[in-house]
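So the structure is just underneath, and the comments pick up after that.
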There are 2 protein chains.
Amino acid sequence: MAERSKPERRRRLSRPVVLAAAVALVDREGLAALTMRRLAADLGVEPMALYRYTDGKEGLLDGLVEAFFAEVNERLRTSVEQARADTASAAEAPWRTELRRVARAFACVVHAHPEVLPVVAARPLSVPVARRPEPWLQLTEHVFAVLARAGFDDRTALAIYRTFVSWTLGCLLVDKRQVVDNPDEPDPVLRLGLHRLSAADYPRLRALVPHFAEYDDERELTDGLDKLLGRMPEAPLDAFYGRGAP
Amino acid sequence: MAERSKPERRRRLSRPVVLAAAVALVDREGLAALTMRRLAADLGVEPMALYRYTDGKEGLLDGLVEAFFAEVNERLRTSVEQARADTASAAEAPWRTELRRVARAFACVVHAHPEVLPVVAARPLSVPVARRPEPWLQLTEHVFAVLARAGFDDRTALAIYRTFVSWTLGCLLVDKRQVVDNPDEPDPVLRLGLHRLSAADYPRLRALVPHFAEYDDERELTDGLDKLLGRMPEAPLDAFYGRGAP
DNA sequence: CGCACTCCGCGTACACCGTACATTTCATTC
DNA sequence: GAATGAAATGTACGGTGTACGCGGAGTGCG
């Protein structure tokens with residue numbers, strides 16, 4: 001009788017459907033709104049139904065990461081990068097263009113789903129490599145394959161990979177930091193909450209906060225990558241890694 | 001009568017005491033164990049007592065960040081950096097040595113409290129600059145002061161700051177990622193969980209995972225910083241920032 | 001010395017969360 | 001059409017964050 005509520009997406013769940021709904025929910029209402037019960041309601045289903053596809057809440061978070069990297073891979077597969085005068089010179093090493101493509105795809109997906117960034121950044125801190133979601137494994141494998149094809153030995157490839165991930169992740173994390181305090185406020189001072197910052201204690205901060213968001217994030221991302229990786233020759237380079245690694 | 005339980009830290013709470021207990025708890029049992037009730041129990045107190053000092057669970061997380069950066073500042077204040085042949089040449093610009101000091105102090109505290117790293121990395125995504133904990137504001141103000149003293153104009157200082165934070169944060173986030181699957185397992189293959197990785201689909205990954213943890217993180221951190229900031233002259237440099245920023 | 005006032009910690013209560021388990025419903029196949 | 005197995009349900013329990021009202025200890029004043 002009381003069957004017509006409203007979301008009423010009819011029968012047959014599946015893991016992709018559940019994950020897509022989860023991502024949509026997080027996009028729409030933030031990470032805190034992601035609840036077994038809430039997600040189930042969105043799918044027109046009882047909470048326990050989800051457990052067949054997600055292995056609990058923890059597993060659902062891993063599912064978010066999975067969906068995220070699946071989207072990165074997808075974008076990578078379908079994107080035809082338009083030639084850019086400033087980035088892709090004719091004679092550039094292919095591994096470097098490819099790394100840039102990956103970084104851009106990653107950034108793109110982050111901009112599409114900024115609310116899942118904290119999960120993407122933090123989850124690997126607690127789930128070991130071998131248990132990472134398949135799309136993550138695929139992407140990583142892909143990067144290593146590209147580097148191997150470019151002739152880098154294992155240690156150098158690893159160093160490049162780490163540098164690449166560190167920078168990309170760090171950039172996006174900083175890019176997405178909150179600067180505005182009260183978005184609806186017309187007065188810029190109040191909007192940024194500068195009245196909370198004593199002019200005596202934080203003069204520089206007060207002066208600079210208004211400009212925190214003024215920059216070209218994509219440019220910063222790729223420029224930094226070039227600085228970090230640009231001077232590396234194609235052949236193994238001893239100077240690149242430290243004394244480390246037995 | 002039933003008063004002698006065991007934690008029994010007697011009377012008079014205070015914000016620092018609560019925060020210290022929170023950090024200790026997180027260090028000892030992980031972020032998931034940080035619960036109002038659990039923390040209260042550790043302090044020998046009823047849960048609601050905490051609300052006078054922390055403004056709820058959310059505020060408690062901000063408190064973690066506060067304690068974290070307080071420790072960074074403390075370490076920065078008391079640390080006498082031993083001279084290092086490889087890093088601090090006699091004629092180096094003071095702002096660069098100082099930035100390195102900050103990065104090292106930050107890394108140090110992360111190593112001391114790895115479990116709070118996710119919070120430190122993710123919290124700024126949801127709390128606006130003006131509401132960040134005081135120690136964070138102080139540290140940031142300090143960095144900007146150093147850069148201003150070095151003669152950088154606002155835009156350049158901002159660019160350096162962002163680059164600095166991105167790299168430092170990214171490096172540590174990558175450094176602390178989990179690679180081992182089952183620490184108690186003697187067989188390396190099982191310990192790393194490589195049996196989960198199909199040799200057909202992930203050949204490179206299988207070969208490289210065992211070396212994921214073999215590197216000198218501090219070296220990587222400072223070397224990368226030098227690469228990112230090293231080529232920057234003391235005077236404002238147009239090539240450094242993109243077209244951005246009106 | 002007594003009194004009032006303030007602050008601090010306590011206890012109750014409630015809504016909501018994740019999820020174990022047993023049950024019912026449904027789609028499919030004989 | 002009956003049987004069978006997977007899929008979704010319903011119930012129930014322990015744990016979580018926290019609003020609210022209370023009591024009691026500490027401090028300042030008269």
Side-chain angles (χ1 to χ4, degrees), chain A residues 1-23 25-26 28-65 115 118-119 122-123 126-127, chain B residues 1-23 25-26 28-65 115 118-119 122-123 126-127:
Chain A
M1 313 297 178
E3 281 223 348
R4 291 283 102 75
S5 37
K6 51 182 168 180
E8 211 61 41
R9 183 128 55 192
R10 263 286 162 244
R11 280 277 151 38
R12 259 316 158 278
L13 295 198
S14 73
R15 186 168 169 86
V17 167
V18 171
L19 294 186
V23 171
L25 173 56
V26 171
R28 206 171 349 111
E29 309 188 21
L31 204 56
L34 182 62
T35 269
M36 289 295 163
R37 292 170 144 96
R38 185 75 174 69
L39 178 57
D42 274 20
L43 287 161
V45 131
E46 294 295 308
M48 290 313 280
L50 303 176
Y51 280 78
R52 228 166 263 285
Y53 304 96
T54 61
D55 185 48
K57 176 71 177 286
E58 210 75 351
L60 183 59
L61 293 182
D62 290 331
L64 279 186
V65 177
E115 296 285 345
V119 187
R123 216 86 244 288
S126 44
V127 9
Chain B
M1 314 299 176
E3 279 223 348
R4 290 284 101 76
S5 37
K6 50 183 168 181
E8 211 61 41
R9 182 130 53 193
R10 263 286 162 245
R11 278 279 152 40
R12 259 318 156 278
L13 294 199
S14 75
R15 186 167 169 86
V17 166
V18 171
L19 262 37
V23 171
L25 173 56
V26 170
R28 206 171 348 111
E29 310 188 19
L31 204 56
L34 182 63
T35 271
M36 290 294 164
R37 293 169 144 93
R38 184 76 175 72
L39 178 57
D42 274 20
L43 288 161
V45 134
E46 293 295 309
M48 290 314 283
L50 303 175
Y51 281 78
R52 289 212 192 261
Y53 304 96
T54 60
D55 185 49
K57 176 70 179 285
E58 212 75 350
L60 183 58
L61 292 182
D62 290 331
L64 279 186
V65 178
E115 296 285 345
V119 187
R123 213 89 245 288
S126 44
V127 9

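All figures in this text were calculated on a predicted structure; none of them were measured in a lab. Each chain gets a letter, A, B and so on, in the order the sequences are listed, and its residues count up from 1.
- Whole-Å rounding puts the B/M48 CE to C/dT12 P distance at 13 Å.
- Shortest non-hydrogen contact noted between B/E115 and B/L31 is OE1-N, 3.9 Å.
- Near DNA chain C, meaning a heavy atom under 4.0 Å away, the residues from residues 49-59 of chain B are B/A49, B/R52, B/Y53.
- Put simply, the residue from A/E29, A/R28, A/R37 that forms a side-chain contact (heavy atoms from CB on, under 4.5 Å) with A/D42 is A/R28.
- Across every non-hydrogen atom of A/L43 and A/A21, the tightest pair is CD2-CB, 3.7 Å.
- For the pair B/R38 CZ and D/dG15 C1', the computed distance is 14 Å after rounding to whole Å.
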Please tabulate, for the side chains in residues 45-58 of chain A, all donor-acceptor contacts under 3.5 angstrom to protein atoms that are two or more places apart in sequence or on a different chain.
unit_1, atom_1, unit_2, atom_2, d
A/T54, OG1, A/L50, O, 3.1
A/K57, NZ, A/L34, O, 3.3
A/E58, OE2, A/R123, NH2, 2.7

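- Here the closest non-hydrogen pair linking B/A22 and B/L39 is N-CD1, 3.6 Å.
- Atom CG of A/L60 and atom P of C/dC17 are 14 Å apart (whole Å).
- In this structure, B/L13 places its CG atom 16 Å from P of D/dA25, rounding to the nearest Å.
- Spacing between atom CG of B/L39 and atom P of D/dT16 amounts to 12 Å, rounded to whole angstrom units.
- Each of A/P47 and B/R37 was matched to the nucleotide of DNA chain D holding its nearest heavy atom; the match closer to the 5' end belongs to A/P47.
- For the pair A/E46 CD and C/dG18 C1', the interatomic distance rounds to 15 Å; values are reported in whole Å.
- In this structure, B/V17 and B/R12 have side chains that are not in contact, with every pair of non-hydrogen atoms separated by 4.5 Å or more.
- B/M36 has its CE atom 18 Å from the C1' atom of C/dT12, to the nearest Å.
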